[in-house]
Amino acid sequence: MNNNTIIESNILDFINVGVAIINKDFKIIKISKEFENITGFTEDEFKENSLEIINESFLEKIYLNIKKKDFSLIEDDIIIITKNKKEKYIKRYVNYILENNNISKIIITIIDISDYKKMELNILSSQRLETLGVVTKAISLEYNNLLATIVGFSSFLKSIINPGTEIYNYLNIIEKNANRASALTNQLLSFAGTDYFRESQININK
C-alpha cells in the first residue's frame with residue numbers, strides 16, 4: 001500500500017458514520033474508526049473473524065443479492081451484538097463498486113439508531129400521539145444535525161480529493177446515503193406536525 005493510498009484510507013476515519021470496505025470474497029479491506037466505535041471490535045478482530053461476529057446473518061442478504069446479480073442498494077435496520085455483549089440497532093446501507101459489471105468492492109455504512117429505537121418502543125407502549133409527536137420531532141432534529149455533519153465533512157473531503165480516486169467514490173456513497181437518511185427524518189418531522197420545513201411561494205427578485 002503506497003503513501004497516497006494510506007492517506008486516502010485514513011480519511012474515512014474523519015467521517016462520523018461507520019464504514020466497512022470488503023472485497024467480493026467478503027474479506028476486510030478497511031474498517032473505519034466509527035465502525036469500531038459502534039461495534040466495539042477492532043479492524044484486526046474483524047479480519048481474524050468476519051463481519052458476522054456482530055450478527056451471524058450480517059452477510060446473508062448481501063450474499064443472496066450477489067448470487068442473483070442484484071447490485072441495488074440495500075437499506076435496512078438490523079440488530080448487532082457489540083464486543084461487550086450490548087445489543088444495538090443500526091441503520092445499514094450496502095453499496096457495490098463495479099468494474100466491467102463485476103464487483104470490485106462492497107461498501108457498508110452503518111449508523112447507530114439504538115436511542116431512536118428505544119424511544120420508538122416507549123412511545124408504542126404508551127400509545128400517546130402527543131408524546132409521539134414531541135419525541136419524533138426531537139429525535140429527527142438531532143438526527144438531522146448529525147447527518148448535516150456527515151454531509152458537510154463528506155463535501156469538504158471531496159473538495160480536497162482527486163475525483164478519479166476510489167476514496168472519492170466512497171465519499172460520494174456516504175454523502176448520498178446521508179442525504180437519503182435526511183429525507184427520512186424530514187418525513188418524520190412532517191408526521192410530528194412541525195413547521196421545520198414547508199412549501200411556500202416566494203419572490204426571488206425581492
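Only this structure's heavy atoms are used, side chains among them; waters, hydrogens and symmetry mates stay out.
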Neighbour count above 12 (heavy atom, 6.0 Å) for [X] [atom1]:
| X | atom1 | value |
| --- | --- | --- |
| Asp70 | CG | yes |
| Lys33 | NZ | no |
| Asn100 | CG | no |
| Lys47 | NZ | yes |

Report the distance from atom [atom1] of [X] to atom [atom2] of [Y], rounding to the nearest 0.5 Å.
| X | Y | atom1 | atom2 | result |
| --- | --- | --- | --- | --- |
| Ile108 | Asn177 | CD1 | CG | 12.0 Å |
| Ile90 | Ile80 | CD1 | CD1 | 4.5 Å |
| Ile53 | Thr82 | CD1 | OG1 | 10.5 Å |
| Ile54 | Lys83 | CD1 | NZ | 13.5 Å |
| Leu171 | Lys158 | CG | NZ | 7.5 Å |
| Asn84 | Thr39 | CG | OG1 | 10.0 Å |

Side-chain contact, heavy-atom cut-off 4.5 Å: [X] with [Y]?
| X | Y | value |
| --- | --- | --- |
| Ile106 | Asn95 | no |
| Glu75 | Lys91 | yes |
| Thr109 | Val94 | no |
| Ile81 | Lys88 | no |
| Lys117 | Asp77 | yes |

Report yes or no: does Ser50 contribute a side-chain atom to a donor-acceptor pair with the main-chain N or O of Phe46 at less than 3.5 Å?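 Not confirmed, Ser50 side chain does not pair with Phe46 backbone.
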
Work out which heavy atom in Ala178 is nearest to a heavy atom in Val151; give both atom names and the distance.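 Nearest heavy atoms, Ala178 then Val151: CB-CG2, 3.6 Å.
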
Can Asp44 and Thr42 be said to form a side-chain hydrogen bond (donor to acceptor under 3.5 Å, both in side chains), step by step? CA-CA 5 Å; Asp44 289 339; Thr42 65; 5.2 Å; no

May I ask you to decide whether Lys105 forms a salt bridge with Glu99, counting only side-chain N to carboxylate O separations under 4.0 Å?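 Looking at Glu99 together with Lys105, the answer is no, because their closest N to O distance does not fall below 4.0 Å.
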
Contacts satisfying ring-ring contact (aromatic ring centres under 6.0 Å, His included) that involve residues 149-187 (not counting sequence neighbours) are none

Examine Leu98 and Ile174 and state if one hydrophobic cluster contains both, with Ile, Leu, Val, Met, Phe, Trp and Tyr joined whenever side-chain heavy atoms are less than 4.5 Å apart.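 Different clusters.
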
Transitively linked via ILVMFWY side-chain contacts under 4.5 Å: Ile173 with Ile29? yes

Enumerate donor-acceptor pairs with a distance under 3.5 Å from any side-chain N or O in residues 56-63 to protein atoms, sequence neighbours excluded.
{"from": "Ser57", "atom 1": "OG", "to": "Asn55", "atom 2": "OD1", "distance (Å)": "2.9"}
{"from": "Lys61", "atom 1": "NZ", "to": "Asp76", "atom 2": "OD2", "distance (Å)": "3.1"}

Taking the six-membered ring for Trp, are the ring centroids of Phe35 and Phe41 within less than 6.0 Å of each other? no

Please set out all donor-acceptor pairs under 3.5 angstrom arising from side-chain atoms of residues 16-28, sequence neighbours excluded.
{"from": "Asn23", "atom 1": "OD1", "to": "Asp25", "atom 2": "N", "distance (Å)": "2.9"}
{"from": "Asn23", "atom 1": "OD1", "to": "Phe26", "atom 2": "N", "distance (Å)": "3.1"}
{"from": "Asn23", "atom 1": "OD1", "to": "Lys27", "atom 2": "N", "distance (Å)": "2.9"}

